[in-house]
Amino acid sequence: DQQVKQNSPSLSVQEGRISILNCDYTNSMFDYFLWYKKYPAEGPTFLISISSIKDKNEDGRFTVFLNKSAKHLSLHIVPSQPGDSAVYFCAASGNKAAGNKLTFGGGTRVLVKP
Amino acid sequence: EAQVTQNPRYLITVTGKKLTVTCSQNMNHEYMSWYRQDPGLGLRQIYYSMNVEVTDKGDVPEGYKVSRKEKRNFPLILESPSPNQTSLYFCASSLWGIANSPLHFGNGTRLTVT
């Protein structure tokens, strides 16, 4: 049973518009959430994170929103650029009692059209 | 350059022939981990290590072994590979565990077991 789910396997957006990627989780022990970006033939790279004590974290064009009651987080990319075309993974980790594991979603492939 | 290096990048082998995928990091990171990526399943953790001589199982450890004799190296060993271990493998490291310490990934090893 997947504890972190990204229900949209792909997303296509026009350059300059907003990209919204969604992620749902089921484990209430998760308290730290991250987004990773992956280009073909490369390893994932860290993009942005959020702790469960916050509901929003912003870094340039990237903003992550966390809704703990709904166990839902989203990544907004504004404005989207062609270089943002990649696979995006949502990931979650728990506290020490939950083990030092990072659980990933299945990924969303984003295509930004010029 | 700070990096995680995996070798080989591509490997084709036959069922039952023992193999080792090497992983090395030059960032003096305490934490290292192995993941496998399969379509629709995202990245799933195989094993992780909090420090030298300390290793623990991730979510899918069956059929794999690891060792952490030195801080910089964390090889993944498949004693008797089977076709269901055909996958894309990533090694990753972080400064001190995954809470508030993003992972740095290698570029991956694509393994095919026939």
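Note that these values count all heavy atoms, side chains included, but never hydrogens, waters or copies made by symmetry. We name chains A, B, ... by the order of the sequence lines, and we start the count at 1 in each one.
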Legend entry - Residue A:R61 excluded, over 12 heavy atoms near CZ under 6.0 Å: yes

Legend entry - Heavy atoms of other groups near B:R9 CZ, more than 12 under 6.0 Å: yes

Inset, instruction - Using non-hydrogen atoms and a 4.5 Å limit, figure out which bit of A:P9 sits close to chain B: side chain, backbone, both or neither. - result: neither

Legend entry - Which portion of B:Q6 sits near chain A, non-hydrogen atoms under 4.5 angstrom: neither

Legend entry - Most contacts with chain A, counted as non-hydrogen pairs under 4.5 angstrom, among B:D59, B:V4, B:L88, B:L43: B:L43

Inset, instruction - Verify salt bridge (charged side-chain N to carboxylate O under 4.0 Å, His left out) between A:E15 and A:K113, making sure each step is shown before the conclusion. - result: CA-CA 5 Å; A:E15 181 179 5; A:K113 299 178 180 178; over 6 Å; no

Inset, instruction - Could you have a look at A:G107, A:A41, A:G43 and say which one has the most heavy-atom pairs with chain B under 4.5 angstrom? - result: A:G43

Legend entry - B:I77 atom CD1: more than 12 heavy-atom contacts under 6.0 Å: yes

